[in-house]
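All remarks here apply to the structure that follows.
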Number of protein chains: 2
Amino acid sequence: MVLADPTRREVFERLRAGPRPVNAIAAGLPVSRPAVSQHLKVLKGAGLVDERSEGVRRIYSLRREGLVELREWLDSFWSNALDAFKAEVEKSHIDSKRKK
Amino acid sequence: MVLADPTRREVFERLRAGPRPVNAIAAGLPVSRPAVSQHLKVLKGAGLVDERSEGVRRIYSLRREGLVELREWLDSFWSNALDAFKAEVEKSHIDSKRKK
DNA sequence: ACATTGCGTAAGCTATGGCTTACCGTTAGT
DNA sequence: ACTAACGGTAAGCCATAGCTTACGCAATGT
């Protein structure tokens, strides 16, 4: 999972405030600037982030399709889990009725 | 993140089909039975799973509150990300208007 | 009593992931 | 041209995560 690492999540979330150059993203983080670059590379590889050049800086921003895919993944994952649990609940409900 | 590891997710998802002893969960998985025990321990530590004894076997099942918490975490995480992106879209929308 | 089945746990291996430092190319300012 | 800012990438370090094997203990069957 791309968003498993807390630092990477933080990087990701910092982009929510809008497109930003690497410097700005790294500012205040407890890790070095290269570390941030590496996280950005991973995020980009996962399609969650876009990158464009603006003079000497690279501006990173959230990527719409990436978010959509992530959303779908989360949704399907969750609805699966939920369905199963509902079925589970109903079953134990029936069981408890049966016991009476 | 507890659900970062694929094997652990698989273990978790196998419980969607209902409560199961460790043996049944581990059956067919590409890892050893102790490995599964270890994953279950983590899941239990995260409150996602319950465990009860039934004779010599330990029956694991999904834990309602754990699922709720997970759901809330996912929701807040996502709505944050989404809000930010919406703001982003509106902003660039305004920008594009301005350019005309 | 004894063997067997189910499972948790300890110990140890290994791969990997995230970090740092060091370096390089590129853009921009003077 | 010189220098400085920005940031990507390589190399190497280290902690951790996940795995396996080995073992032990409780419950069950014979």
Side-chain angles (χ1 to χ4, degrees), chain A residues 1-63 66 70 73 77 81 88, chain B residues 1-63 66 69-70 73-74 77 81 88:
Chain A
M1 240 273 228
V2 200
L3 294 173
D5 180 70
T7 305
R8 188 145 58 228
R9 269 203 304 275
E10 178 62 28
V11 166
F12 176 76
E13 301 207 357
R14 282 189 177 210
L15 286 175
R16 298 187 323 201
R20 266 168 178 54
V22 179
N23 254 351
I25 302 171
L29 283 184
V31 300
S32 70
R33 200 257 321 149
V36 172
S37 269
Q38 288 161 19
H39 283 300
L40 286 168
K41 189 177 186 177
V42 173
L43 290 172
K44 193 180 172 190
L48 285 173
V49 145
D50 261 339
E51 179 224 329
R52 97 188 98 96
S53 283
E54 199 161 287
V56 74
R57 24 202 113 181
R58 317 288 184 106
I59 312 292
Y60 284 87
S61 54
L62 296 186
R63 181 170 163 272
L70 175 59
W73 188 86
F77 170 80
E88 202 37 44
Chain B
M1 240 271 229
V2 198
L3 295 172
D5 181 70
T7 306
R8 189 146 57 227
R9 269 204 303 276
E10 178 64 27
V11 167
F12 176 75
E13 301 205 357
R14 283 189 177 209
L15 286 175
R16 299 187 321 200
R20 267 169 178 54
V22 179
N23 254 350
I25 301 171
L29 283 185
V31 299
S32 70
R33 201 256 324 147
V36 173
S37 269
Q38 288 161 19
H39 283 301
L40 287 168
K41 188 177 187 177
V42 174
L43 289 172
K44 193 179 172 191
L48 285 172
V49 146
D50 262 339
E51 178 225 328
R52 95 188 100 96
S53 283
E54 198 160 287
V56 74
R57 23 203 113 177
R58 316 290 183 105
I59 312 292
Y60 284 86
S61 54
L62 296 186
R63 181 170 163 272
E69 286 166 25
L70 175 59
W73 188 85
L74 288 178
F77 171 79
E88 203 38 43

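We name chains A, B, ... by the order of the sequence lines, and we start the count at 1 in each one. None of the values given here were measured: they were computed from a predicted structure.
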Arg20(B): partners by salt bridge (charged side-chain N to carboxylate O under 4.0 Å, His left out), with sequence neighbours left out: none
Closest contact, heavy atoms only, Leu62(B) versus Phe12(B): CD2-CE1, 3.7 Å
Which atom of Tyr60(B) lies closest to which atom of Leu15(B), heavy atoms considered: O-CD2, 3.4 Å
Between dT16(D) (C1') and Met1(B) (CE): distance, integer Å: 18 Å
Positions of residues 46-55 of chain B (non-hydrogen atom under 4.0 Å from DNA chain D), listed by number: Gly55(B)
With Arg58(A) via side chain to side chain donor-acceptor pair (under 3.5 Å) - residues at least two apart: Glu51(A)
Protein-nucleotide distance (Ile25(A), atom CD1; dG7(D), atom C1'), rounded to Å: 11 Å
Atom pair distance, as rounded to whole Å: NZ in Lys44(B) and C1' in dG8(C): 11 Å
N/O (side chain, Tyr60(A)) to phosphate O (OP1/OP2, dG8(D)) under 4.0 Å: yes
Find every protein N or O atom lying less than 3.5 Å from an N or O atom of nucleotides 16-26 of chain C, and list the pairs.
unit_1	atom_1	unit_2	atom_2	d
dG18(C)	OP1	Arg8(A)	NH2	3.3
dG18(C)	OP2	Arg8(A)	NH1	3.4
dC19(C)	OP1	Thr7(A)	OG1	3.1
dC19(C)	OP2	His39(A)	NE2	2.3
dT20(C)	OP2	Ser32(A)	N	2.6
dT20(C)	OP2	Ser32(A)	OG	2.6
dT20(C)	O4	Gln38(A)	NE2	3.0

Protein-nucleotide distance (Ile59(B), atom CD1; dG8(C), atom P), rounded to Å: 10 Å
Which residues share a side chain to side chain donor-acceptor pair (under 3.5 Å) with Arg9(A), sequence neighbours left out: none
Whether Arg52(A) side chain and Ile59(A) backbone form a donor-acceptor pair below 3.5 Å: no
Distance below 4.0 Å between Lys41(B) side-chain N/O and dG8(C) OP1 or OP2: no
Phosphate OP1/OP2 of dG7(D): any Ser37(A) side-chain N/O under 4.0 Å: no
Separation of atom CG in Leu29(A) from atom C1' in dG7(D), rounded to whole Å: 15 Å
Donor-acceptor under 3.5 Å (Arg14(B) side chain, Ile25(B) main chain): yes
With Arg57(A) via side chain to side chain donor-acceptor pair (under 3.5 Å) - residues at least two apart: none
Atom-pair distance (CZ on Arg57(A); P on dT27(C)), nearest Å: 14 Å
Spacing of Asn23(A) atom CG relative to dT27(C) atom P, expressed in whole Å: 17 Å
Under 3.5 Å: donor-acceptor pair, side chain of Arg8(B), backbone of His39(B): no
Whole angstrom value for the distance that separates P of dG6(C) from CZ of Arg20(B): 16 Å
